[in-house]
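What follows is a short report on a single structure.
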Number of protein chains: 2
Amino acid sequence: MHRADAGRAALVDYILGLLEQAGHRVTEPRVQLIQAVAAWERQSFTGEDLYAELRPTGLGRATVFRTLRLLQELGVLSRLHLSDGCQRYVVTPPASGHSPEHMDRLICRRCGRVAYLDECPMEDSLARIAQATGYRVDGHHLDIVGLCAECSAAR
Amino acid sequence: MHRADAGRAALVDYILGLLEQAGHRVTEPRVQLIQAVAAWERQSFTGEDLYAELRPTGLGRATVFRTLRLLQELGVLSRLHLSDGCQRYVVTPPASGHSPEHMDRLICRRCGRVAYLDECPMEDSLARIAQATGYRVDGHHLDIVGLCAECSAAR
DNA sequence: TACTTGTTGATACTAAGTCTCACTAACACA
DNA sequence: TGTGTTAGTGAGACTTAGTATCAACAAGTA
């Protein structure tokens, strides 16, 4: 088994664990979908991508989107907000400290690859911003857009 | 004329100016729509809000959305990317240094009011992030979510 | 094994736009 | 001040990205 496959299998198990913990059933269609999602790793994908991939196995459209929603609620998946729409999803790495309320990402606008920042670049600024504006800040979402090293080199 | 009205009129003129500069025609429907948009000021609104408001005057659905798209292209309008969807629009203040490629905002999750940060809190971090990740960074989008002073007080 | 209840797929529906097309009206020029 | 060209318009059909409904099914429990 390859390194990456082992990582993916661990991700699948992790997600299935979350699912059970939250009181949901582990069903065949969910396992299939979660495996497909894990295979995308740091690459973003659309609901249609996933449906096209899984439809041949008999999965229904509703199940795909229902499960995507469930995975978002579990914090496993998040959406990319790009200038041309918000229909792309990406796996949020477990235990990275990222959640729907706190997200710091780098997105490659050419290949769609997503990297998560280890350190929040705004840690220090948030208190100051709250002070200056009177807002009670409870989350933030930072998307940095550019070209990843590979895509930059490919030019 | 009130202060706010004067500001709005100036905003309308500014947007109409941009429109002309970009080689577009200044038409009655566009003037109406831009006036309506300017009246929302820092409050966010949906395409449907605007259509409901303008439909009685005879404006068509297509024109509303077409013009919203045009205003986004001109950098006058941007979308809000919230967890419950991305269908809200807000005026980007002219000459604030904000553009689709560089956006630092505070959004009130209760009333939808939007404030733009005067200073980019990531100025210093971006070079370091580019260095650390190998990305060629060419823009970012920061949305800080919370409660504005009024909404915080109203609790 | 039977029961209960969550989950599924088919299908109809919706929200938020987008496209097409015949018609209209800005603006440039005579 | 008309006139022609072409961008812009409204009506309405269509599309995309889901969501709702519902009868059939299957997971876990008794």
Side-chain angles (χ1 to χ4, degrees), chain A residues 15-37 40 44-74 77-90 112, chain B residues 15-37 40 44-74 77-90 112:
Chain A
I15 299 175
L16 291 174
L18 278 183
L19 206 63
E20 275 201 295
Q21 267 173 49
H24 300 287
R25 289 184 185 166
V26 173
T27 63
E28 188 48 35
R30 283 180 177 167
V31 172
Q32 277 188 74
L33 188 141
I34 290 169
Q35 285 175 339
V37 161
W40 284 92
S44 60
F45 57 88
T46 65
E48 287 308 318
D49 289 338
L50 212 56
Y51 180 44
E53 201 178 316
L54 294 171
R55 199 220 296 246
T57 72
L59 253 97
R61 200 182 161 63
T63 303
V64 169
F65 285 103
R66 246 186 322 234
T67 311
L68 285 177
R69 185 146 50 99
L70 181 56
L71 295 182
Q72 286 178 86
E73 282 160 18
L74 293 174
L77 222 55
S78 61
R79 275 160 182 270
L80 246 47
H81 302 287
L82 303 172
S83 55
D84 60 337
C86 304
Q87 62 286 70
R88 302 194 75 80
Y89 298 82
V90 71
Chain B
I15 299 176
L16 291 175
L18 278 184
L19 207 61
E20 275 200 295
Q21 267 173 49
H24 299 286
R25 289 184 184 168
V26 173
T27 64
E28 189 48 34
R30 284 180 176 167
V31 172
Q32 277 188 72
L33 189 141
I34 290 168
Q35 284 174 339
V37 161
W40 283 92
S44 60
F45 57 88
T46 65
E48 288 308 319
D49 288 339
L50 212 56
Y51 179 45
E53 202 178 315
L54 294 171
R55 197 219 299 243
T57 73
L59 253 95
R61 197 181 166 61
T63 303
V64 169
F65 285 103
R66 249 186 319 235
T67 312
L68 285 177
R69 186 145 50 99
L70 182 56
L71 295 182
Q72 287 178 84
E73 281 160 18
L74 293 173
L77 221 55
S78 61
R79 276 161 181 268
L80 246 46
H81 301 288
L82 304 172
S83 55
D84 60 337
C86 304
Q87 62 287 71
R88 301 195 75 81
Y89 298 83
V90 71

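A note on names: the letters A, B, ... follow the listed sequences, proteins ahead of strands, and every chain is numbered from 1.
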Please round to the nearest 0.5 Å and tell me the distance separating atom [atom1] of [X] and atom [atom2] of [Y].
X	Y	atom1	atom2	answer
I34(A)	R30(A)	CD1	CZ	8.0 Å
Q72(B)	R79(B)	CD	CZ	5.0 Å
I15(B)	E20(B)	CD1	CD	13.5 Å
L33(B)	L71(B)	CG	CG	6.5 Å

>> Any salt bridge linking R61(A) with E48(A)? Criterion: basic side-chain nitrogen under 4.0 Å from a carboxylate oxygen.
In response: yes

How close or far is atom [atom2] of [N] from atom [atom1] of [X], stated in whole angstroms?
X	N	atom1	atom2	result
Q87(B)	dG18(D)	CD	P	12 Å
Y51(A)	dA10(C)	OH	C1'	9 Å
R79(A)	dT16(D)	CZ	P	17 Å
L54(B)	dG8(D)	CG	C1'	16 Å
R69(A)	dG18(D)	CZ	C1'	9 Å
L77(A)	dG18(D)	CG	P	11 Å
I34(A)	dT7(C)	CD1	P	12 Å
F65(B)	dG12(D)	CZ	C1'	15 Å

Between [X] and [N], is there a side-chain N or O to OP1/OP2 distance below 4.0 Å?
X	N	value
R55(B)	dG10(D)	no
T46(B)	dA16(C)	no
T63(A)	dT7(C)	no
R25(B)	dT6(D)	no
H24(A)	dG6(C)	no
R30(A)	dT7(C)	yes
Y89(A)	dG18(D)	yes

What nucleic acid atoms does [X] come within less than 4.0 Å of, heavy atoms only: base, sugar-phosphate, or nothing?
X	value
R66(A)	base
R61(A)	base
L59(B)	sugar-phosphate
R88(B)	nothing
G85(B)	nothing

> Taking for each residue the nucleotide of DNA chain D with the nearest heavy atom, is it T27(A) or T57(B) whose nucleotide lies nearer the 5' end?
Replying inline: T57(B)

>> Among dG17(C), dA16(C), dA11(D), which nucleotide has an atom closest to any side-chain atom of E48(B)?
In response: dA16(C)

> Under 3.5 Å, is there a donor-acceptor pair linking the side chains of T57(B) and Q32(B)?
Replying inline: yes

